[in-house]
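Data first, discussion second: the structure below is written as structure tokens.
Keep in mind the model is a prediction, meaning the values are calculated, not measured. Chain letters run A, B, ... following the sequence lines, proteins first, then strands; residues in each count from 1.
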Amino acid sequence: MRSSELFNPTLREIPSEAEIISHQLLLRAGFIRKTSGGIYSYLPLGYRVIKKIMQIVREEMDLAGGQEILMPIIQPAELWQKSGRWDVYGDEMFRLNDRHNRHFALGPTHEEIITALVDGDVHSYRDLPLLLYQIQNKYRDEIRPRFGLMRGREFIMKDLYSFDIDDEGLDISYRKMYAAYRRIYERLNLKFRVVEADSGAIGGNESHEFMVLADTGESEIVYCAQCEYAANVEKAVCSVDEEIQNDAALLPVEKVHTPGQKTIQDIVDYLNIPAANQIKTLLYLADDELIAACVRGDRELNEIKLKNILGCNQLFMADEDTVKRKCAAGFGSLGPVGLDVKVYADLEIEKMQNFACGANENDYHYKNVNLGRDFVPESIVDIRNAVAGDKCPHCEGILKIIRGIEVGHIFKLGVKYSQAMGATFLDQKGMEKPMVMGCYGIGISRTMAAAVEQNYDENGIIWPIPIAPYHVIIIPVNSKKEDQMEAARSIYEELNKQGIETIIDDRDERAGVKFKDADLTGIPVKITIGPKTLQENKVEVKKRWESEMQLVPLDLVLDAVKNILGNV
RNA sequence: CGGGGCGUGGCGCAGUUUGGUAGCGCGUCUGAUUUGGGAUCAGAAGGUCGCAGGUUCAAAUCCUGUCGCCCCGACCA
């Protein structure tokens, strides 16, 4: 490709809208342009990267037995009503009506469509297992799209769905996908970690997330320094330290006046009681039932765990009016003692003694409260977020936390959708059974952003070779000098002939401009042709990720490039 | 949804407090000189100041409404 013909508008300055590095660099390097909030166009270089990621994903899906199909983006409401998700999915679904006022959605995911599709044409155990996938745009009307491609409202996703005759079959499909996903991220050359995850709104009972490691990631990952355990903080199991002794003498409850003291920190200061010896009480509306959740004062409640335990559809923190109607106290004065709702206490609280909490009366707190004696929770459960320093649930190790970007997510769905939508088959004995499903997603466009988050320097992007838009850029220092252009063209043709994707920067720009653009766009190999070295029939070959270059004789350039790129 | 910020040539911004008819840098175009890390000089094009109302002799500036963009968000009771 000639730079003079390439549509690659680069920006010298950082667009004001871009906050994180991948967003800034993808805009500046001319890979993407915003069309609307969370909705982007991919320019030639950007789309080349997307296509390369897609191709790696496609190859691995095919290798794992997947078959590629393409399903509609516009999906009729009836299918979603059948699965029960039309009302549950909420505002995140783009909805539209046709001229007859029939309802449709822009597909946020495709369980409904594919289940209906398979239901229509698969009726026998002989046709299973079946693994179908597509690579396509998805639409989710996010509350807050942000960070460029990281959280868009329209994004490119690979989604595969597996259909099996039973749980054992699903296990096999799931393991195949797990292995394929590992290969994909290895091939993409990204540092990643697989973590146990919550299966969230999609449902099911086993789930892993594939996280590209990056400080700017939106997800926190808990991992054990000693064993293989790793999990999303939303999922990470918190265990109680069994060695904690709780045999101190129980002191009588004391009600203390705490005027204006509301937060945990207020009480730390005012009563000199450490946060770890307080509990905080949060009131939630779980499908319209008011419940209380208690965790240690210095812990964070994990709403996802709580929601899973409650088994409710919707979980919202109660607003202050609701709280006041229940107990005459505002936020900041709540406690489990004498509270007329079901109380869910975190596991840790069972090991605490003589702790402090709100007295359900403004400006008062209790001291020396004890579980069992002063209040009896509905149940004692794991509802807090894991933190660095917690004990590993699998070994004796200590947990640590890093950040990551969720680029892949695999779920076991079981029969949730097949049952709701009547996707059944006849087994060997002629018995009708629901298909056992799994679903497996990869955020293609997000993977591109994640790759940038992990691979850049002060000059721009440093693409991993497997997904670089081009492999090599040839820069004649002065495009007006015919000998330089001649050498550039001859190398260009030689590399192209070998299938090495090459750009020749034939623009009549000063060398500095070309170098800056080459660095910004992150092409892995740069070949510079300058007057001095050319006299000796040599050119400079430089790797984007190293600072020093090598002088290579003209007839050895191809070898040098091949050597750097490996088997691409 | 709540809070905050912002919409002024393609990009980055100033001007808004105190109304007086729009400016800077980069980019773009033409020409010349230049050519190894975002050149120099000369000239030029390009803006109904997000949109719609209103106030006024006069509105980028004041008022109302509206649209869009960005950031933060249960402060942990």
For A:Gly530, answer base if it contacts any base atom (sugar-phosphate contacts may also be present), sugar-phosphate if it contacts only those atoms, and nothing otherwise; contact means non-hydrogen atoms under 4.0 Å.
base
Judged by each residue's nearest nucleotide on RNA chain B, which is more toward the 5′ side, A:Glu509 or A:Pro15?
A:Pro15
From B:rG37, B:rA74, B:rC71, nucleotide with atom closest to A:Arg144 side chain:
B:rC71
Where the side chain of A:Asp508 is concerned, which of B:rU35, B:rA39, B:rC70 is the nearest nucleotide?
B:rU35
Could you tell me how far B:rC49 sits from B:rA74 if I compare only their P atoms? Round to whole Å.
40 Å
Considering every strand shown, what is the Watson-Crick or G-U wobble mate of B:rC49 when both distances are under 3.5 Å?
none
Pairwise P distance, B:rG46 and B:rG9 [rounded to whole Å]
15 Å
Using atom C1' in both nucleotides, what's the gap between B:rG19 and B:rA58 to the nearest angstrom?
8 Å
Within 45° of the ring axis of A:Tyr470 and under 6.0 Å from its six-membered ring centre, is that where the NZ or CZ of A:Arg48 lies?
yes
Rounded to the Å, how far apart are A:Ile39 CD1 and B:rC70 P?
10 Å
Could you work out the separation of B:rC75 and B:rC67 based on their C1' atoms and round it to a whole Å?
33 Å
Answer yes or no: side-chain N or O of A:Glu13 and base N or O of B:rG25 forming a donor-acceptor pair under 3.5 Å.
yes
Would you say the side chain of A:Asn478 and the base of B:rG36 hold a donor-acceptor pair, judged only by whether the two atoms sit under 3.5 Å apart?
no
OP1 or OP2 of B:rC6 less than 4.0 angstrom from a side-chain nitrogen or oxygen of A:Ser16, does that happen here?
no
Partner nucleotide, any strand, of B:rG12 [Watson-Crick/G-U, under 3.5 Å]
B:rC24
Verify the contact: side-chain N or O of A:Ser479 to OP1 or OP2 of B:rU35, cut-off strictly under 4.0 Å; return yes or no.
no
Has the side chain of A:Lys526 got a donor or acceptor that lies under 3.5 Å from a partner of the other kind on the base of B:rG36?
no
Base, sugar-phosphate, or nothing: which does A:Asp91 touch, judged by heavy atoms less than 4.0 Å apart?
nothing
Take the protein atom CG of A:Leu11 and the nucleotide atom P of B:rG12, then report the distance between them rounded to whole Å.
8 Å
Picking from B:rC71, B:rA39, B:rU34, the nucleotide nearest the side-chain atoms of A:Lys480 would be B:rU34
Within 6.0 angstrom of A:Phe375 CZ, more than 12 heavy atoms from elsewhere:
yes
Take the protein atom CG of A:Leu534 and the nucleotide atom P of B:rU35, then report the distance between them rounded to whole Å.
17 Å
Between B:rG27 and B:rC11 - C1' atom distance, rounded Å:
7 Å
Compare the minimum distances between each of B:rC71, B:rG36, B:rG37 and the side chain of A:Asp519, then state the nucleotide with the smallest one.
B:rG37
How many Å lie between CD1 on A:Ile14 and P on B:rC13, as a whole number?
10 Å
Under 3.5 Å, is there a donor on one side chain and an acceptor on the other for A:Thr10 and A:Asp517?
yes
Rounding to the closest angstrom, what is the interatomic distance between B:rG7 and B:rA60 at atom P?
15 Å
With heavy-atom distances below 4.5 Å as the criterion, would you say the side chains of A:Phe147 and A:Glu19 are in contact?
yes
Counting Watson-Crick and G-U wobble pairs only, both distances under 3.5 Å, name the nucleotide matched with B:rC6, or none.
B:rG68
Electrostatic pair A:Glu453:A:Arg403 at N-O distance under 4.0 angstrom:
no
Using heavy atoms to find the nearest nucleotide of RNA chain B for A:Ala18 and A:Phe515 separately, return the residue whose nucleotide is more 5′.
A:Phe515
Inter-nucleotide P distance (B:rG68, B:rG25), Å rounded:
35 Å
Round to the nearest Å and state the distance from A:Glu303 atom CD to B:rA74 atom P.
9 Å
Strand partner of B:rG73, provided both Watson-Crick or wobble distances fall under 3.5 Å
B:rC1
Which nucleotide in B:rG36, B:rC71, B:rG38 has an atom nearest any side-chain atom of A:Lys516:
B:rG38
Is any side-chain N of the basic residue among A:Glu142 and A:Arg151 closer than 4.0 Å to the acidic one's carboxylate O?
yes
My understanding is that a pair needs two contacts under 3.5 Å, Watson-Crick or G-U wobble. By that rule, which nucleotide pairs with B:rU18?
none
Candidates B:rC69, B:rG37, B:rG38 - which lies nearest the side chain of A:Arg153:
B:rC69
Can you identify which nucleotide, out of B:rG38, B:rG36, B:rA74, has its nearest atom closest to the A:Leu520 side chain?
B:rG38
Side chain to side chain contact (heavy atoms under 4.5 Å, CB included) partner of A:Arg384, chosen from A:Leu301, A:Asp298, A:Asp346
A:Asp346
May I ask you to check whether over 12 heavy atoms, not counting those of A:Asp555, lie within 6.0 Å of atom CG?
yes
Could you state the CD-P distance from A:Glu482 to B:rU35, rounded to the nearest angstrom?
18 Å
Hey, is the side chain of A:Arg510 poking within less than 4.0 Å of OP1 or OP2 on B:rG37, counting only N and O atoms?
no
Test side chain to side chain contact (heavy atoms under 4.5 Å, CB included) applied to A:Ile309 and A:Ile304, A:Asn302, A:Val381, the passing residue:
A:Val381
Nearest to the side chain of A:Phe147 - B:rU35, B:rG25, B:rC72?
B:rC72
Side-chain N,O (A:Arg12) to OP1/OP2 (B:rC11) below 4.0 Å:
no
Whole angstroms only, please: what is the CD-C1' distance between A:Glu458 and B:rG37?
13 Å
Which nucleotide sits closest to the side chain of A:Pro531: B:rU35, B:rG38, B:rG36?
B:rG36
Rounded to the Å, how far apart are A:Lys34 NZ and B:rG10 P?
15 Å
Partner of B:rU30 under the Watson-Crick or G-U wobble criteria, both distances under 3.5 Å, comes out as B:rA42
Between B:rU8 and B:rG54, how many Å separate the two P atoms, rounded to a whole number?
24 Å
Under 4.0 Å between any heavy atoms, over every strand shown, what does A:Arg296 touch: base, sugar-phosphate, or nothing? Just pick one.
nothing
With sugar-phosphate meaning primed atoms plus P, OP1 and OP2, does A:Glu540 contact a base, only sugar-phosphate, or nothing at under 4.0 Å between heavy atoms?
base
For the side chain of A:Arg146, counting heavy atoms from C-beta on, which of B:rG36, B:rC72, B:rG38 is nearest?
B:rC72
